[in-house]
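First up is the structure itself, then whatever we jot down about it.
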Amino acid sequence: TEVINLSKEKNNEITFKDGRKYLLKQYKINKASKEDYLLAIGITDANVKLYKLESVEFIPYKESTNSYQEKKLPEFKLKKPLYFIEYENTVSPIQKSKDLEKIFPNHSKEIKKFISQKNIDFNSDDMILVQNFLNSIL
């Protein structure tokens, strides 16, 4: 029931009562540097850490332009999650297998084989399997 505004300078880590832990991380996406709170998932004390960016988009009210269309009420819509891997203090977004191959070029063949065998979906918690695999080969 209470709304709290958190300062990013003072709060690098936020932990909720249900065990969820959000960490303030910097990352680059589309050559732009960003800073967000990312949800730590999977094994948190491993070599390769996994994070998830959860975001919600506001879709404003839209009036119908003719009699065939219906007006659209404003709504909040949950966007697809974006996953990040932290390795050697570098946080990188992972959207496809080529992103993983760039981070771990020495293990690209093994990564390709694992992803095709397990049919990994890069927009789901299948990424925890990838994290476990990467920690086992590194």
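Source: prediction; values computed, not measured.
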Name each donor-acceptor pair under 3.5 Å that joins a side chain in residues 60-70 to protein atoms two or more places apart or in another chain, with its distance.
| unit_1 | atom_1 | unit_2 | atom_2 | d |
| --- | --- | --- | --- | --- |
| Tyr61 | OH | Glu63 | OE1 | 2.6 |
| Thr65 | OG1 | Gln69 | OE1 | 2.6 |
| Asn66 | OD1 | Tyr68 | N | 3.0 |
| Asn66 | OD1 | Gln69 | N | 3.0 |
| Gln69 | OE1 | Thr65 | N | 3.2 |

Atom pair NZ (Lys77) and NZ (Lys79), whose distance is rounded to the nearest 0.5 Å: 11.0 Å
Look up atom CG in Asp126 and atom CD1 in Ile120, then write down how far apart they are to the nearest 0.5 Å. 5.0 Å
Under 3.5 Å donor-acceptor pairs involving side-chain atoms of residues 24-39, not counting sequence neighbours:
| unit_1 | atom_1 | unit_2 | atom_2 | d |
| --- | --- | --- | --- | --- |
| Lys25 | NZ | Glu86 | OE1 | 3.3 |
| Lys25 | NZ | Glu86 | OE2 | 3.3 |
| Tyr27 | OH | Asp36 | OD2 | 2.7 |
| Tyr37 | OH | Asn11 | O | 2.5 |

If you look at every heavy atom in Pro105 and Lys102, which pair is closest and at what distance? CD-O, 3.6 Å
Quick one: pull up CZ in Phe114 and NE2 in His107 and give me the separation to the nearest 0.5 Å. 14.0 Å
So do the side chains of Leu23 and Lys21 get within less than 4.5 Å of each other, counting heavy atoms only? yes
Under a 4.5 Å cut-off applied to non-hydrogen side-chain atoms, are Leu50 and Phe84 in contact? no
Are Leu53 and Ile85 connected in a single hydrophobic cluster, I mean Ile/Leu/Val/Met/Phe/Trp/Tyr linked by side-chain heavy atoms less than 4.5 Å apart? no
Say you draw a straight line from CD1 of Ile115 to CD of Gln117; how long is it, rounded to the nearest 0.5 Å? 11.0 Å
Please output the side-chain donor-acceptor pairs of residues 87-99 that fall under 3.5 Å, not counting sequence neighbours, one pair per line with the distance.
| unit_1 | atom_1 | unit_2 | atom_2 | d |
| --- | --- | --- | --- | --- |
| Thr90 | OG1 | Glu88 | O | 3.4 |
| Asp99 | OD2 | Gln95 | N | 2.8 |
| Asp99 | OD2 | Lys96 | N | 3.3 |

Which atom pairs, donor and acceptor, lie under 3.5 Å between side-chain atoms of residues 129-138 and protein residues at least two apart or in another chain?
| unit_1 | atom_1 | unit_2 | atom_2 | d |
| --- | --- | --- | --- | --- |
| Gln131 | OE1 | Ile43 | N | 3.2 |
| Gln131 | NE2 | Ile43 | O | 2.9 |
| Gln131 | NE2 | Val48 | O | 2.9 |
| Asn132 | ND2 | Ile128 | O | 3.4 |
| Asn135 | OD1 | Asn47 | N | 3.4 |
| Asn135 | OD1 | Val48 | N | 2.9 |
| Asn135 | ND2 | Val48 | O | 3.4 |
| Asn135 | ND2 | Gln131 | O | 3.2 |
| Ser136 | OG | Phe133 | O | 2.6 |

With heavy-atom distances below 4.5 Å as the criterion, would you say the side chains of Phe16 and Ile14 are in contact? yes
Less than 4.5 Å apart, any side-chain heavy atom of Ile41 and any of Tyr83? yes
Taking atom OG of Ser55 and atom CG of Leu78, what is their separation to the nearest 0.5 Å? 7.5 Å
Taking the side chain as every heavy atom from C-beta outward, state whether Glu57 and Phe76 have any pair of such atoms under 4.5 Å apart. no
Side chains of Lys80 and Phe122: closer than 4.5 Å at any heavy-atom pair? no
Which residues pass the salt bridge (Lys or Arg N to Asp or Glu O under 4.0 Å) test with Asp18, not counting sequence neighbours? Arg20
With sequence neighbours left out, what residues match Asp125 under salt bridge (Lys or Arg N to Asp or Glu O under 4.0 Å)? Lys52
